[in-house]
Amino acid sequence: MGYGQFLEIFNSVCLEHIQRGRARAFAFVFYDMTHGVVREALKKDYGFQRLHDRTAKDVTLFYLHANAVSSHWQNFNLKFMEALGIEDQAQTPCMVFFHVTGENIENVSIYAIDERSTDPVLMVAELEQYVDEAINKLNAEGNLSALTSIGKSLASFGSLIRLAEFLLKLKGAA
């Protein structure tokens, strides 16, 4: 999968999740997709499934596997970090949570993943902790769109517009 194909899938999933109220934020796991403990943790022991179950309707979690980007994983990670505006603050492996507001990425939280652990089960537990912290932050912010049904509709429409603007910005980084 090339960067352009990824952006199309990313766009589709984000739009659907915002429209259907399936996510209040987004997250991406940046890592060496060809080997290492993070790859093993996501691949084995139901790592990604456990994280997906934990994020529920709060966070849409993205990660790519080795077959998706083959030998270009380093370039992909750098391009997507640049699109998110975190290339100077984050290093792989990491987990990044963010909101999209207009053309801006806001409320970015970067969690460095400790590769010293060789146990995929412990790695998944670390990632689950990061997800829990991000969801706790979301809950502390509240969900203003639930105040009224009109407010909810307007918030969803506004989110779609902001997401579209963000995706155009990403496409420009391709």
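- For the pair Arg22 and Val13, the minimum side-chain heavy-atom distance is 4.5 Å or more.
- In terms of heavy atoms, Ala23 sits closest to Thr60 at CB-OG1, 3.0 Å.
- Partner Phe97 forms a side chain to side chain contact (heavy atoms under 4.5 Å, CB included) with one of Ile110, Leu138, Val131, Thr55 and no other, that one being Val131.
- Proximity of Val96 to Phe80: side-chain heavy atoms (C-beta onward) are nowhere separated by under 4.5 Å.
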| request: Take Phe98 and Leu84 through the test side chain to side chain contact (heavy atoms under 4.5 Å, CB included) and record every step on the way to the result. | output: CA-CA 9 Å; Phe98 58 94; Leu84 294 174; 3.9 Å; yes

| task | Would you please test Phe48 and Val29 for side chain to side chain contact (heavy atoms under 4.5 Å, CB included) and show each step? | result | CA-CA 10 Å; Phe48 183 74; Val29 180; over 6 Å; no

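- Met81 and Ile9 fall within a single hydrophobic cluster, where Ile, Leu, Val, Met, Phe, Trp and Tyr side chains are chained together by heavy-atom contacts under 4.5 Å.
- Between Tyr130 and Met95, the shortest heavy-atom distance links the atoms CB-SD, 3.8 Å.
- The shortest heavy-atom contact between Cys94 and Ala112 is CB-CA, 4.3 Å.
- The closest side-chain heavy-atom distance from Leu127 to Leu42 is below 4.5 Å.
- Side-chain contact check for Glu141 versus Asn107: some heavy-atom pair is nearer than 4.5 Å.
- Counting non-hydrogen atoms of other residues, nucleotides and ligands closer than 6.0 Å to NE2 of His17 gives a total above 12.
- In this structure, OH in Tyr111 is found 9.0 Å from CD in Gln129, a value given to the nearest 0.5 Å.
- Ion pairing between Asp132 and Arg54 holds under the 4.0 Å rule for side-chain N and carboxylate O.
- Between atom NZ of residue Lys57 and atom CZ of residue Arg20 there is a gap of 11.0 Å, rounded to the nearest 0.5 Å.
- Under the 4.5 Å side-chain criterion, counting only non-hydrogen atoms from C-beta, Val38 is not in contact with Asp32.
- Taking CG of Asp53 as the reference point, atom CD of Glu128 lies at 9.5 Å (rounded to 0.5 Å).
- Taking the six-membered ring wherever Trp is involved, the centroid distance between the rings of Phe28 and Phe26 does not fall below 6.0 Å.
- Residue-environment remark: CD (Glu133) exceeds the threshold of 12 foreign heavy atoms within 6.0 Å.
- The shortest non-hydrogen separation linking Ala41 to Pro120 is CB-O, 3.5 Å.
- Between Ser117 and Glu126, the closest side-chain pair of non-hydrogen atoms is not below 4.5 Å.
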| field | Check against side chain to side chain contact (heavy atoms under 4.5 Å, CB included), Val59 and Arg24 | value | CA-CA 6 Å; Val59 178; Arg24 296 188 288 158; over 6 Å; no

